[in-house]
Amino acid sequence: QVQLVESGGGLVMAGGSLRLSCAASESIGSINAMGWYRQAPGNQREFVAVSTDDGSTNYADSVKGRFTISRDNAKNTVYLHMNSLKPEDTAVYYCNAKRYYSGSDYSSFWGQGTQVTVSS
């Protein structure tokens, strides 16, 4: 069981920046994919960004060029650097860890979420 704790959310004006952190309870080097998702009120949870253990990253089209995901394996922490924030980025942001097994089997772990509010 991987425990994840997010931090860094808050209230920011449009155009501003925030950095979210996700601290894992074990080495993230052993986790295949570390990612961020978000959920706005009335919406489903949606993918934001992912960093995989082969060094690749992927982003939702809505955040490309504005958000950057990074890992610090020594601190067992994943970050989401968010720039040029827009009101539509307002949501609860969740950290996710996936560990893959044989075939398509995997385990998925979630943090408790951190609120990001962008005012216009």
Side-chain angles (χ1 to χ4, degrees):
Q1 186 84 4
V2 180
Q3 296 182 349
L4 304 170
V5 179
E6 302 100 331
S7 61
L11 174 64
V12 64
M13 292 186 64
S17 300
L18 281 175
R19 187 186 75 167
L20 305 183
S21 300
C22 172
S25 60
E26 61 182 77
S27 171
I28 61 174
S30 67
I31 299 173
N32 302 103
M34 294 292 300
W36 290 93
Y37 290 71
R38 67 186 182 186
Q39 188 168 17
N43 291 355
Q44 291 188 337
R45 192 171 298 187
E46 64 177 9
F47 166 77
V48 175
V50 66
S51 168
T52 58
D53 57 356
D54 64 357
S56 64
T57 58
N58 194 24
Y59 298 91
D61 288 343
S62 58
V63 307
K64 277 182 182 175
R66 300 188 299 122
F67 291 10
T68 303
I69 188 170
S70 64
R71 291 188 179 212
D72 186 336
N73 287 351
K75 295 183 178 180
N76 296 329
T77 299
V78 175
Y79 302 99
L80 185 68
H81 307 264
M82 305 186 294
N83 297 318
S84 302
L85 282 162
K86 305 175 181 179
E88 50 263 45
D89 294 318
T90 295
V92 178
Y93 283 69
Y94 295 92
C95 182
N96 174 261
K98 287 186 175 66
R99 177 173 285 138
Y100 290 90
Y101 307 104
S102 59
S104 59
D105 191 22
Y106 67 91
S107 293
S108 183
F109 307 94
W110 294 93
Q112 82 288 351
T114 186
Q115 176 70 46
V116 172
T117 303
V118 184
S119 64
S120 58

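Here, residue 1 is the first one in the sequence, and each next residue gets the next number.
With hydrogens and angles disregarded, no donor-acceptor distance shorter than 3.5 Å links the side chain of S56 to the backbone of D54. Checking side-chain atoms of Q44 against main-chain N and O of Q39 turns up no donor-acceptor pair under 3.5 Å. Side-chain N or O atoms of N96 include one that pairs as donor or acceptor with a backbone N or O of F109 at under 3.5 Å. Without hydrogens or angle criteria, N58 side chain to V50 main chain gives no donor-acceptor distance under 3.5 Å. A distance-only check finds no donor-acceptor pair linking the side chain of T114 to the backbone of E6 [under 3.5 Å].
Between A14 and S120, the shortest heavy-atom distance links the atoms CB-CA, 4.3 Å. Across G113 and V92, no two heavy atoms sit closer than the pair CA-CG1, 3.8 Å. Nearest heavy-atom pair, S30 versus E26, reported as atom, atom and distance to 0.1 Å: OG-OE2, 3.6 Å. The heavy-atom pair separating R66 from S84 by the smallest distance is NH1-O, 2.9 Å. Contact record, V2 with A24: CG1-CB, 4.4 Å, taken as the closest heavy-atom pair. Closest heavy-atom contact between T68 and Y59: CA-OH, 3.4 Å.
Here the CG-CD distance, from L11 to Q115, works out to 9.5 Å after rounding to the nearest 0.5 Å. Here the CE atom belonging to M13 is positioned 13.5 Å from the OG1 atom belonging to T117, to the nearest 0.5 angstrom. From R19, atom CZ reaches atom CG of L80 across 11.0 Å, with rounding to the nearest 0.5 Å. For the atom pair R71 CZ and N76 CG, the distance stands at 10.5 Å (nearest 0.5 Å). Separating the CG atom in D53 from the CZ atom in R99 is a distance of 10.5 Å, to the nearest 0.5 Å. In this structure, Y100 OH and I31 CD1 are separated by 12.0 Å, a value rounded to the nearest 0.5 Å.
Looking only at side-chain heavy atoms (C-beta outward), M82 and L18 come within less than 4.5 Å of each other. Between W36 and C95 the shortest side-chain heavy-atom distance falls below 4.5 Å. Taking the side chain as every heavy atom from C-beta outward, I69 and Y79 never approach each other to under 4.5 Å. With a 4.5 Å cut-off on side-chain heavy atoms, W110 and Q3 do not count as touching.
Classification of K86 and D89 as a salt-bridged pair fails, no side-chain N sitting under 4.0 Å from a carboxylate O. Comment: E88 does not engage R38 in a salt bridge, judged by the lack of any side-chain N to carboxylate O separation of less than 4.0 angstrom.
Residues V12 and L20 are members of one and the same hydrophobic cluster, defined by side-chain heavy-atom contacts under 4.5 angstrom among Ile, Leu, Val, Met, Phe, Trp and Tyr.
With 3.5 Å as the limit, one finds no donor-acceptor pair spanning the side chains of H81 and S17.
Checked against a 6.0 Å centroid threshold, the rings of Y37 and Y94 do not count as neighbours.
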- [ ] Report the C-alpha separation of F67 and V48 in whole Å, then their side-chain angles, then the decisive distance to 0.1 Å, and conclude whether the side chain to side chain contact (heavy atoms under 4.5 Å, CB included) test is met.
- [x] CA-CA 9 Å; F67 291 10; V48 175; 3.8 Å; yes
